[in-house]
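Everything numeric here is computed off the predicted structure, so don't read it as measured data. The sequence lines fix the lettering, A, B, ..., with proteins before strands; numbering per chain opens at 1.
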Number of protein chains: 2
Amino acid sequence: MNKRIRIKDIAKVAGVSKGTVDRVLHNRGNVSTKARDKVIAAMEKLEYEPNVIASALASKKSWQIAVLIPGHEGDPFWEQPLEGIHRAVKTLRDYGVQIDYYPFRDADPEHFRSLGQRILRTPYDALLVAPSFARESHELLDHCDAKGLKYVEINTLLERETSCFLAYIGQDSYASGVLAAKLLNFEMSPGATAIILHLEKEVYNARHLLDKQAGFEDFFNKQAEKHIHVVQESYGDIQDLTGTECFIREMLAKYPATQGIFVSTSKLFRVVPAIKKYQQKPVSLIGFDLIEQNLAYLASGDISFLINQNPYKQGFLGMMNLFNHLVLKRDIQRLQFLPLDVVMRENVRYYVEEEYEKMHIVI
Amino acid sequence: MNKRIRIKDIAKVAGVSKGTVDRVLHNRGNVSTKARDKVIAAMEKLEYEPNVIASALASKKSWQIAVLIPGHEGDPFWEQPLEGIHRAVKTLRDYGVQIDYYPFRDADPEHFRSLGQRILRTPYDALLVAPSFARESHELLDHCDAKGLKYVEINTLLERETSCFLAYIGQDSYASGVLAAKLLNFEMSPGATAIILHLEKEVYNARHLLDKQAGFEDFFNKQAEKHIHVVQESYGDIQDLTGTECFIREMLAKYPATQGIFVSTSKLFRVVPAIKKYQQKPVSLIGFDLIEQNLAYLASGDISFLINQNPYKQGFLGMMNLFNHLVLKRDIQRLQFLPLDVVMRENVRYYVEEEYEKMHIVI
DNA sequence: ATTTGGTCTGTGCCCGTACACAGAGTAAAG
DNA sequence: CTTTACTCTGTGTACGGGCACAGACCAAAT
């Protein structure tokens, strides 16, 4: 019985035409204050809520969105956010949402910068970005702020107080470091050494890695009973197989009491063979992301834990949040931390077989 | 440029009117085989995909769905699925989705049965059910199958091979038992006792509890190194506070080597005070669900782990799957196991502050 | 030959919002 | 008093698919 209130109903109650109601609703101007007041009163009285469907059908606007994230040649992790983005766009097609994909090369800030400049030259409605390189990203986003181009960040959080920063969707990097430490701690004995290993170049320019390290160190420093010794190492040239093997051998020789290793990215699988080769005593390994190679080592027992950063959701929700803001004009939350899923042999399949989730669309 | 194909376009190519195309699309009959063939040929050639928005706007059909789940007076757990259902319905309102809520009393199969009969007498388009009582649920669902009333199950899986069984959304109970065992095992020493405790009446009639127990026992039986002794206990009358305390005291006296207790439902918090009172040595507790009381004990360190069964998602996705099947005529997956999230002090806030998730709608 | 009953097909309005356009009204300028 | 410029308001159509209805067509019955 409670029939849905329509624009027509408001017009009748306010004693104006639906055109005038529409102008009030969309702040299109050219409305006398008298008419506006009557319309607003009628709207409040009738508790009008717009019909999203009719609105979407009538609107012929289209939304161009630039997507600036790492390509997945360098890192298979990035397949998943892209998949999430595509799934979102597919279901939003009727709403006129379209994307241009700008994949930048892993570990190549210059490439990031040049793609960013191309994006700035094109008239986009919004930007979805993974701001991997702190310096270059701030530079790009400063330009966005100046131009009024709104953006959503995924995977790496660069906190910005501007109005063009719509939202961040991704993990809380500090907390993921704490979690990794707590999990490793289960399998370590007093006095042992825990290594945090960054397999990246220019770690100082990657905010999320520094945050993970801080969390990891803080846990062990606060938890004093076991006296775990925490050290940090980094190695950027993992394409070079023999170099990587050498580095691991020397690292393990340097810390003979090592009982746990935390790799701060998805690239743990790249060093597992070398660790197995050169480490005599048992060692617990923990890393990020459920990519194929990591999962194989989880299944074989070589990796103890993987922390799932929900990459698919990062892309999917990133897109959906842009849609909610731009098209549906809804408020969106600025900081959206995704769950840090603890994945082990026993529960891994629920994270891998998440196809069910991909069948759905978030509006 | 690649303009969206409309019914009008197909009609033009096939040399018929859009009315005929519509009849073919919806199998409404009254179409000559000649016309049908032409339309189908045109559709395949043009790769028609319906415009969901326009379709939803034009259709004035409404969908009546019965929701038969436990009320949350007996168990706060059930607030969350209900919230998920409401959120889904709210966003689907424009699509004409409406629900009737039939909360049944915890531990009252007769109430379940009588509500089920009322539902069968009303002309619903579908049913969303938590089949807590095996016997009574099979009885109800047999009637649904006979009547052609389609249903989605949440939280407890009753496997049925019929075509009216659309989907199950919830945890894999066996796997959650295995997981609980693995987690407890971290904190137990060799030769200790692990208790699985059911705080329910009629455990034999609750399939998911039996499955959890099987998983729990299997883990410890297969993992032989520590020689953990597994025992099972159950107590149904937790409303009776002194009785519960008595029961716990006797149980702990009976198993002096207890180092871990696994409560198979969300009701762990009900026995924590008694356990603290009567257990001298350290004991690890694990249970289900992030309800307020459990979270307080997780924060204070009395509970080691909680396994999140994603109750909100059970309701939300259950509703969304019905919507996808009924309204959008999409295929849905029959078994949809939700992730078993391992929640500890370190990552709890990401599961509690999941408001971001509730802002969205899955179509 | 006309009527009847049935199958098949096209036309046109409906849904609720967006927006273009035309027209009314008013005030200032000539 | 007329013209011009501007603000304000109502009308009408588009959006794409659902669906009712009218009517065309054909075969069988009267």
Salt-bridge contact B:Glu153-B:Arg160 (side-chain N to carboxylate O under 4.0 Å): no
Using a strict threshold of under 4.0 Å (side-chain N to carboxylate O), is an ion pair present between B:Asp9 and B:Lys12? no
Hey, does [X] reach any base, or is it just sugar-phosphate, or nothing, if we go heavy atoms under 4.0 Å?
{"X": "B:Ala35", "answer": "sugar-phosphate"}
{"X": "B:Asn51", "answer": "sugar-phosphate"}
{"X": "B:Arg23", "answer": "base"}
{"X": "A:Ile7", "answer": "sugar-phosphate"}

5' priority, DNA chain C, between A:Ala58 and B:Arg36 [closest heavy atom]: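 Upstream on the strand: B:Arg36.
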Report the distance from atom CD of A:Gln336 to atom CD of A:Gln314, rounding to the nearest 0.5 Å.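 Reported to 0.5 Å precision, the distance equals 11.5 Å.
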As an exercise, state the distance from CD1 of B:Ile7 to CG of B:Asn51, rounded to the nearest 0.5 Å.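 The CG atom of B:Asn51 is 9.5 Å from CD1 of B:Ile7, to the nearest 0.5 Å.
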Any side-chain N or O of A:Ser55 under 4.0 Å from OP1/OP2 of C:dA18? yes
C:dT17, OP1 or OP2 - any side-chain N/O from A:Arg6 closer than 4.0 Å?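 So the side chain of A:Arg6 is outside the cut-off, no N or O lying under 4.0 Å from OP1 or OP2 of C:dT17.
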From the options C:dC13, C:dG16, C:dC8, select the nucleotide whose nearest atom is closest to the side chain of B:Lys18. C:dC13
Please identify the 5'-most and 3'-most nucleotides of DNA chain D with any atom under 4.0 angstrom from a heavy atom of chain B. D:dG16 to D:dC19
